[in-house]
Amino acid sequence: MTDADYTATEAMVVAAARELDDGDSVLVGVGVPNLACNLAKRTHAPDLQMVYESGTIDSNPSKLPLSIGDPVLASGALRVVPMFDGFTTYLQAGRIDVGFLGGAQIDRHGNINSTVIGEYDDPVVRLPGSGGACDIASNAHRTIIITPHEERRLPAEVDFVTSPGYVGGREGRAELGLRGGPSAIITDKAVLRFDDDGVAYVETLHPDVSADEVRAATGWEVEISDESARTAPPTPDEVATIRDELDPQGVYTGTD
Amino acid sequence: MTDADYTATEAMVVAAARELDDGDSVLVGVGVPNLACNLAKRTHAPDLQMVYESGTIDSNPSKLPLSIGDPVLASGALRVVPMFDGFTTYLQAGRIDVGFLGGAQIDRHGNINSTVIGEYDDPVVRLPGSGGACDIASNAHRTIIITPHEERRLPAEVDFVTSPGYVGGREGRAELGLRGGPSAIITDKAVLRFDDDGVAYVETLHPDVSADEVRAATGWEVEISDESARTAPPTPDEVATIRDELDPQGVYTGTD
Amino acid sequence: MSVLTTTADAVSSAIDDGDTVYLAGFTHLIPFASGHEMIRAGLRDLHLVRATPDLVYDQLVAAGCASKVTFSWAGNPGVGSLQAFRRAVEDGVPNEIEIEEYSHYGLTARLAAGARALPFMPVRTYAGSDLPAHNDNIRRVEDPFGGGELHAVPPLTPDVAVVRAQRADENGNAHLWGISGEIADAAMAAETVVLSVEELVDESVIRSDPNRTTLTNRDVDYVVEEPYGSHPSYAQGYYDRDNDAYLEWAEASASHESVEAWLDEWVYGVDSRREYLERLGADRLLDLQPSTAYTTPANMGRYR
Amino acid sequence: MSVLTTTADAVSSAIDDGDTVYLAGFTHLIPFASGHEMIRAGLRDLHLVRATPDLVYDQLVAAGCASKVTFSWAGNPGVGSLQAFRRAVEDGVPNEIEIEEYSHYGLTARLAAGARALPFMPVRTYAGSDLPAHNDNIRRVEDPFGGGELHAVPPLTPDVAVVRAQRADENGNAHLWGISGEIADAAMAAETVVLSVEELVDESVIRSDPNRTTLTNRDVDYVVEEPYGSHPSYAQGYYDRDNDAYLEWAEASASHESVEAWLDEWVYGVDSRREYLERLGADRLLDLQPSTAYTTPANMGRYR
């Protein structure tokens, strides 16, 4: 725990939740994105439509799902469709406003690596792979990237582009005919946005985090436009919702 | 009525029914094909699987359907799928053994016209169009064509190829990459098959029909290999099934 | 988000002259009430698209609403030909109409591509047929895996789709059963969607069986409760096809004069579906009732 | 036509060494019982394909059954990474395996093309990604309607698909509800299909609700009734995911030695799913029971 009444992970979850607008249709990943979406739905975005890769539309989970295919995502959902329909009639057709993505590496252009550390054919670490991430990064109207803020996770360039961000810059993405693009990287230390060239900069530092701490934990010379700009801290209500309703066992938020 | 105890239309229905093997999966059209399929299922082919363009799989109609989308085709069916699935996962994927087709014109290569008499852009008669016929003719493992035997219906060449038969011959069809092809033309006067060049010839004449009568009613110089070869006449059982169960009002078989 | 309203309001709000409109339903759940409302609204210059332009499009064409029809099978199903459609195509009565023609597979593949935002859908059909020669939207595409060429069709994205289902909640989350035809893809492909249902139910009914949901609120713009809105076609479990009406249309549509008399009686002469049903009479509706046969429920389970 | 049999017989009849096999199910209805039987049968040199090669493929890889894995996401869902799979890829333990990799959309599009006999499926994904550079099955195709190039994947047609559903009749006509994932397409794309269900029901149950049918008899070769055949994954309405088992696997798979001990106890040490369940114990099964929540029936109507 920091001195404040919330953990750094909770600060990340809350900042991510606030990226969602009421009424958004969001493709939810498991873990921290799931917490962020459920928090948003219980606070400022009651009409958030939660869609999962497993094909559940407007899930209304009675408890935090253990995986993106948990039965609570189907029970009480508005609709359940086969995966192919989800990726085509929903994602590819532009019915998803926001995609939440994470990854082992995120670079300054918001490109994400969830495939391999090292060489593809001679991996140092073999990661799980794309899943739907490449498809979400290509077709959602905007993506929100969530990651703990560590230098190894935020290199200047990823070892492997699993999911395209701004590729070699905003123009590069547009030329490829990709929809949307990352709108933010939310970490446990800061909120990053993308400038006109499609390079990530720090918009706000979380309340108790120093600019130097963030520079040291970022793999490129990250611009911090205003060191005094601070992320609004989590409210007691937001923290209580996470602890009492969403993650009472502290599976995702318990350790800092 | 002819002298025999069945009408010419009934003879056609019975001959068509006998083209079906037990266990065939058949894409059924409404009208005479529907009668033929239901007759086959009630006689020699109890395991016939009747599939309709409307997406009903293994329909088990409690009465003769009024259209290929009649509710009795869905009630008690094994499965109902959207049309696109029917045309792709069933027809295109090769799950249909037999397709039954009719048309305003059928030519010596088994090409079918259900689009237009005269010029396409200046029609003498505008016909209903393909429906699923072009797709069935292209993808079923074999097709059975049913038509009243009249010269105007059996020209040497159709005005418009809606649904390909042997196109310009068996080789033409193979070069186009089409599956199957017509295995018979069943009329109210004869059973026609296709020779090695993909040209239709008379295999058997129906019992009370003369060769000259068939020659006169056919738009090309049709080969009748053996004038004494006769279609086996409908059995009393077959006729009774049509009259008592399938078409008691004589909608399709009542007038000769 | 969707608005709960009447057929008349939905039609006037959703559809403008010149629009491309798809009234969906393969012999089942045909939106007749909405089609008649379109005639009463005096819509003109419509591009009507439908795999099976049966009676409802014959009536729209006869009333002069259409300037183009895109289709794959134009007939009175189980009865004969579409005489008003043929008069327009063959003789330009009441006005010339352009036609664009597919097979069922090609047209449903266009909707499938439209619903999925694909630039084209490859299809194994049209080789050897004369249809591609008369339709520039049927082209050939090269298989990038070396299998040679096959045909392809482009996406179809109607301005408006009008679709029916058996039941929906007031937000437009809909359950549909029996033959679904091209209904889901037509709605998912269209810019604006009018959903008309036999009955409104509580949202909990829809959420009890999410696998049966065909459309959800975000894809529906107007929701209408219109019982018997598909007569003389049918609604599985609610009523049967009124075959007499199909036979009567064959007679009524024999000439343009008799068509106009029919439209005067059954469309212009009533102000709503309710008046139409009143004119039809209770006897006729009662004769179309099936007996009840419920689906066996599935247990979704309640997980805590 | 299908044969009603046991898991052991279905696996030994349907699957040969060297086959391409797809065990379907996206986190739901995973065919664990069949996977364990494949290990007991000592199958070798399998090309295992699955969007999400989770525990069941980690176990098959650990047991030395696989020479290649085609996938889109290889992890222990909600828990962490697949350690046996990683040992094979990173260190060649117990044997080297080749990998072929997609995103979920690309792999499900391959199944969709396979099920529909299309030579390729165009997909709007992979632009800007490094995945195509490492997979010759992700190519580019030219839109014949002038929209430029996009990516495409070829059909996937496994030798064998093993799929589960909640209920089927003894001919293999199956109802499935909840998350269906890629199950239907995997089965429709495969040459041979093994269907394993929670319970056998009368054909009339299936025919009462044809819109819920996912597979029919002609597409199924072997039908098996295997209650709890998806444990530790779940069957909607029948049991929940056994999360402890997923956590236990994370521990058991930490080294090849501990994996072998686990396989000895839970796979080689039992001769059937029934023995596996006996070892698991009634308490554990009871804790996975949801309470009942039936779908609202639909009236199909009886038409005469």
Side-chain angles (χ1 to χ4, degrees), chain B residues 30-31 52-56 65-76 80-84 86-88 91-92 111 113-115 120-139 158 160-168 172-173 176-179 251, chain C residues 25-28 51-52 54 71-79 81-82 85-86 89-90 99 101-109 111-112 123-131 133-134 147-150 177-185 233-237 239-241 243 246 290 293:
Chain B
V30 83
Y52 289 78
E53 274 181 9
S54 46
T56 65
L66 292 168
S67 83
I68 54 174
D70 197 286
V72 297
L73 300 176
S75 283
V80 179
V81 298
M83 273 174 87
F84 184 65
F87 280 102
T88 54
L91 183 58
Q92 183 172 265
N111 300 311
N113 175 15
S114 53
T115 302
Y120 186 80
D121 294 320
D122 184 19
V124 176
V125 182
R126 174 64 232 197
L127 303 165
S130 165
C134 174
D135 317 315
I136 296 166
S138 305
N139 288 291
V158 291
F160 186 100
V161 180
T162 309
S163 309
Y166 290 110
V167 198
R173 185 172 174 99
L176 290 167
L178 297 164
R179 188 185 281 134
V251 175
Chain C
F26 188 80
T27 74
H28 179 210
T52 50
D54 42 34
F71 70 103
S72 42
W73 191 84
N76 181 337
V79 177
S81 69
L82 288 186
F85 172 77
R86 281 183 56 186
V89 173
E90 295 171 10
I99 60 170
E101 189 165 1
Y102 297 87
S103 61
H104 279 344
Y105 179 25
L107 191 50
T108 55
L111 289 175
V123 291
R124 288 192 194 273
T125 188
Y126 299 128
S129 168
D130 288 338
L131 283 165
H134 297 274
E149 284 191 339
L150 75 165
W177 57 94
I179 291 165
S180 69
E182 84 294 47
I183 292 175
D185 278 347
S233 79
Y234 72 103
Q236 186 90 38
Y239 45 94
D240 201 350
R241 158 162 149 159
N243 203 47
Y246 282 75

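First the proteins, then the strands, lettered A, B, ... as listed; each starts at 1. Because the structure is predicted, anything quoted here is derived from the model rather than measured.
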Q. What pairs with E101(C) under salt bridge (Lys or Arg N to Asp or Glu O under 4.0 Å), at least two apart in sequence or on another chain?
A. R126(B)
Q: Using salt bridge (Lys or Arg N to Asp or Glu O under 4.0 Å) as the criterion, list what pairs up with D240(C), not counting sequence neighbours.
A: K63(B)
Examine whether an atom of [X] lies under 4.5 Å from a heavy atom of chain C, and if so say whether it belongs to the side chain, the backbone or both; otherwise answer neither.
X	answer
V124(B)	backbone
T56(B)	side chain
S138(B)	side chain
L178(B)	side chain
N139(B)	side chain

Winner by heavy-atom pair count (cut-off under 4.5 Å) against chain B, out of [options]:
options	answer
Y105(C), Y246(C), Y126(C)	Y105(C)
S81(C), G78(C), A184(C), A112(C)	A112(C)
S180(C), G75(C), G181(C)	G181(C)
H28(C), R241(C), E149(C)	R241(C)

Could you tell me which non-hydrogen atom of [X] sits nearest to which non-hydrogen atom of [Y], and how far apart they are?
X	Y	value
P164(B)	R173(B)	O-NH1, 3.1 Å
F84(B)	A109(C)	CE1-CA, 3.6 Å
T162(B)	L131(C)	O-CD1, 4.3 Å

With chain C, which of [options] has the greatest number of heavy-atom pairs at distances under 4.5 Å?
options	value
A74(B), C134(B), G172(B), G177(B)	C134(B)
G132(B), P123(B), G55(B)	G132(B)
G69(B), P65(B), S130(B), P128(B)	P128(B)
V167(B), V72(B), D70(B)	D70(B)
G168(B), S54(B), G129(B)	S54(B)
A137(B), G86(B), P82(B), S114(B)	P82(B)

Q) What class does the angle between the rings of H134(C) and F160(B) fall in, given that below 30° is parallel, 30 to 60° is tilted and above 60° is perpendicular? A) tilted
Q.
Classify the ring geometry of F71(C) against F85(C): parallel below 30°, tilted from 30° to 60°, perpendicular beyond 60°.
A. perpendicular
Interatomic spacing from [atom1] in [X] to [atom2] in [Y] - rounded to 0.5 Å:
X	Y	atom1	atom2	value
E53(B)	S72(C)	CD	OG	8.5 Å
S163(B)	D130(C)	OG	CG	10.5 Å
D135(B)	T108(C)	CG	OG1	7.5 Å

Q | Contacting moiety of I183(C), where chain B heavy atoms sit under 4.5 Å | A | neither
Q | Heavy-atom contact with chain B under 4.5 Å, split by part of Y234(C) | A | side chain
Q | Under 3.5 Å side-chain donor-acceptor pair for T125(C) and Q92(B) | A | no
